[in-house]
Amino acid sequence: MAAERLRAKFLADTALYDPKHLGQDARFGPVERIPVLTTFTDRKECAQRGVHRATVAGISGSSKDGAYSICVSGGYEDDEDNGDKIIYTGTGGQPDPFSFSGSQTGDQSFNHKDNAALKISADTKKPVRVVRGPNKNSPWAPDKGYRYDGLYIVKEAYLAKGQSGYVICRYELERVPGQPRIPRKW
DNA sequence: GGGCCCGCAGGG
DNA sequence: CCCTGCGGGCCC
């Protein structure tokens, strides 16, 4: 099948990413040979290609230099996905990452290293790669797999009160203009 | 389809 | 090293 051959070629052409060979700066921005709207079968592949290097966590980055990438999968009830604008929720305040209820059960804070990283991105205005996972609540999410949707700028980062009444870290992201349009489901 | 549980790659 | 985190597979 042609699609499978194309996929095999893609996997061969995109060298497996070894972060140890890269400087900190190389972790920001676009990834070589991975165009916007490239879709990965799962989080592991997405991590191996260097797009979002965490296999589980939603935020990948350094608490000193800022975030490299985030994954929007709809795991947090206070998220809002409007395509070019995203309201994203920080990490923490949930019982554990594998039994997400969607509801917060505790407070978040910028003391958490991942939340701190994304807050720094709001100051530096360095672009952050955004990956969308399958999310039935968003018309902009892929049906399956994880799609690299290009670069966004973190406009604001602040503490807020979430739906469940707990403190959350809230981030307002805006897509960098001039990138391929994101397909809409409905 | 839901519940359960195992796991890996980062970053500090 | 150690711990954590918006998966995923397997069983039923």
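What you are looking at is a predicted structure, and each value in this text was computed from that prediction instead of being measured.
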On the nucleotide [N], are OP1 or OP2 found under 4.0 Å from the side-chain N or O atoms that [X] carries?
X      : N      : result
A:S63  : B:dG11 : no
A:Y146 : C:dG8  : yes
A:T55  : C:dG5  : no
A:T91  : C:dT4  : no

Separation of [X] atom [atom1] from [N] atom [atom2], in whole Å?
X      : N      : atom1 : atom2 : result
A:Q48  : C:dG8  : CD    : P     : 12 Å
A:N115 : C:dG5  : CG    : C1'   : 11 Å
A:R53  : B:dG12 : CZ    : P     : 10 Å

_No-hydrogen, no-angle side-chain donor-acceptor test under 3.5 Å, A:Q104 and A:Y76_ =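 No donor-acceptor contact under 3.5 Å links the two side chains.
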*asked:* Please convert DNA chain C into dot-bracket. A pair counts if it is Watson-Crick or G-U wobble with both distances under 3.5 Å; crossing pairs go in [ ] and bases paired with another strand get |.
replied: |||||.||||||
Under 4.0 Å, heavy atoms only, any strand: does [X] hit a base, just the sugar-phosphate, or nothing?
X      : value
A:T89  : base
A:Y88  : base
A:H112 : sugar-phosphate
A:D79  : base

